[in-house]
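Notes for the one structure printed next.
As the structure lists them, so they are numbered: ligands from 1, and atoms in each ligand from 1. Just the heavy atoms: all of them, side chains too, but no hydrogens, waters or symmetry mates, feed the values below.
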Amino acid sequence: MTAITLGSLLYEGKAKRVFATDQADLVAVEYKDDATAFNALKKAQLAGKGGLNCQISAHLFELLERDGIPTHYLGMPAANWMHVRPVRIVPVEVVIRNTAFGSLCKQMPIEPGTPLDPPLLDLYYKDDAFGDPLLTDARLERLGLLSGDQRLELERLALAVNTSLRRFFASLQLQLVDFKIELGFTASGELVVADEISPDTCRLWDLRVADAQDRILDKDRFRQDLGGVVEAYGEVLKRVQGACPPPRSSK
Ligand code: TMP
Ligand code: ASP
């Protein structure tokens with residue numbers, strides 16, 4: 001492959017920057033060390049976090065690809081850089097919960113840790129200015145973001161992601177409590193999994209550890225000031241690397 005030249009900054013989010021390149025069908029994503037929570041009310045720099053999330057995401061996108069789930073991922077040119085297909089992100093965050101925790105337990109009378117079978121799928125409107133509110137069917141329809149068929153496809157893909165990730169993490173002695181994904185349309189109109197899949201966007205509990213705080217290996221360590229955030233992400237990467245081939249490099 002010929003070397004890819006970076007172009008202009010297309011978009012900067014809280015944890016990543018997206019750049020155009022000299023190839024129309026490829027954009028470059030830089031994973032940053034910035035950590036934010038509670039709609040960026042809480043902020044910090046965590047050295048090494050960007051590289052860890054980029055590597056974990058690359059492995060997980062390749063896992064999904066092996067399981068027949070389409071994603072935007074193309075390859076990893078450097079430790080905190082990812083090449084992806086350009087997509088039009090659907091401004092809907094899909095959250096799947098296998099175990100009750102987090103906002104669910106603040107909004108409903110349900111004990112943290114309760115297994116959810118079948119998993120609970122919630123859609124949120126991705127807009128920081130509104131605080132990413134939970135969507136109802138009627139509100140989603142009113143926003144006109146997705147046709148009925150597109151919504152069914154979005155949910156089908158998200159549930160397939162859950163099946164794939166849950167099985168994989170369980171094999172690493174990690175419990176996939178819940179996660180958020182974003183999806184986007186490619187130039188040809190295909191809906192694919194996009195954004196990132198990392199301990200920033202998943203809740204992962206170490207099944208080898210009984211203590212309710214010590215077992216947390218995800219961004220809740222940052223949200224709850226538990227410390228050891230980068231070390232926890234490093235542990236996730238170590239287990240993932242132990243079970244996967246090295247991520248595809250692309251230059
Ligand atoms: P919640 O319990 O706060 O609703 O979070 C559910 C899951 O979604 C959890 O794995 C963290 C993830 N998440 C994000 O990735 N980004 C967000 O902005 C929020 C609120 C949650
Ligand atoms: N991602 C959101 C933020 O950066 C919220 C969160 O993950 O807790 O503020």
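- Considering each of Lys180, Arg203, Glu196, the one bringing a non-hydrogen atom nearest atom 15 (O) of ligand 1 is Lys180.
- Looking only at distances, a side-chain donor or acceptor of Asp218 sits under 3.5 Å from a matching main-chain atom of Asp220.
- Screening Leu204, Asn98, Leu217, Thr99 against Gln175 for a side-chain contact (heavy atoms from CB on, under 4.5 Å) leaves a single residue, Thr99.
- Within a 4.0 Å radius of atom 20 (C) of ligand 1, the protein contributes no heavy atom.
- Taking every heavy atom of Gly102 and a limit of under 4.0 angstrom, the matching atoms of ligand 1 come to 2 (O).
- Closest to atom 17 (C) of ligand 1 among all protein heavy atoms lies Glu93 OE1, 4.3 Å.
- For ligand 1, the atoms closer than 4.0 angstrom to any heavy atom of Phe179 are 10 (O).
- None of Phe179, Tyr233, Phe222 except one satisfies the side-chain contact (heavy atoms from CB on, under 4.5 Å) rule with Pro199; the exception is Tyr233.
- A donor-acceptor contact closer than 3.5 angstrom links the side chains of Ser103 and Arg97.
- A side-chain contact (heavy atoms from CB on, under 4.5 Å) with Arg203 holds for exactly one of Leu176, Val177, Ile216; it is Val177.
- Residue, atom and distance of the protein heavy atom nearest to atom 2 (C) of ligand 2 are Lys14 CE, 4.0 Å.
- Salt-bridge formation is detected for the pair Glu182/Lys180: a Lys NZ or Arg NE/NH1/NH2 atom is positioned less than 4.0 Å from an Asp or Glu carboxylate oxygen.
- Met76 and Trp81 make their closest contact through CG-O, 3.4 Å (heavy atoms, listed as atom of the first residue, atom of the second, distance).
- Residue-ligand proximity: Asp200 is placed with a non-hydrogen atom under 4.0 Å from ligand 1.
- Residue contacts with ligand 1 leave out Lys219, since none of its heavy atoms falls under 4.0 Å from the ligand.
- Counting heavy atoms under 4.0 Å from ligand 2, residue Lys42 does not touch it at all.
- Ion pairing between Arg239 and Asp206 holds under the 4.0 Å rule for side-chain N and carboxylate O.
- Among Cys202, Pro199, Ser103, the residue whose heavy atom sits closest to atom 4 (O) of ligand 1 is Ser103.
- Closest to atom 4 (O) of ligand 2 among all protein heavy atoms lies Thr36 OG1, 2.2 Å.
- Salt bridge status for Arg17 with Asp34: absent, with no side-chain N to carboxylate O gap under 4.0 Å.
- Nearest protein heavy-atom neighbour of atom 5 (C) of ligand 2: Phe38 N, 3.7 Å.
- Inspection of the Asp132 and Asn39 side chains reveals no N or O donor paired with an N or O acceptor under 3.5 Å.
- Among all protein heavy atoms, the one lying closest to atom 9 (C) of ligand 1 is Asp178 OD1, 3.1 Å.
- Each of the following atoms of ligand 2 lies closer than 4.0 Å to a heavy atom of Arg223: 6 (C), 7 (O), 8 (O).
- Heavy-atom contacts of Ala40 reach the following atoms of ligand 2: 3 (C), 9 (O) (cutoff under 4.0 Å).
- Ion pairing between Glu231 and Arg221 fails under the 4.0 Å rule for side-chain N and carboxylate O.
- Atom 1 (N) of ligand 2 has its closest protein heavy atom at Lys219 NZ, 3.4 Å.
- Ligand 1 has no N or O atom lying under 3.5 Å from any N or O atom of Arg223, backbone or side chain.
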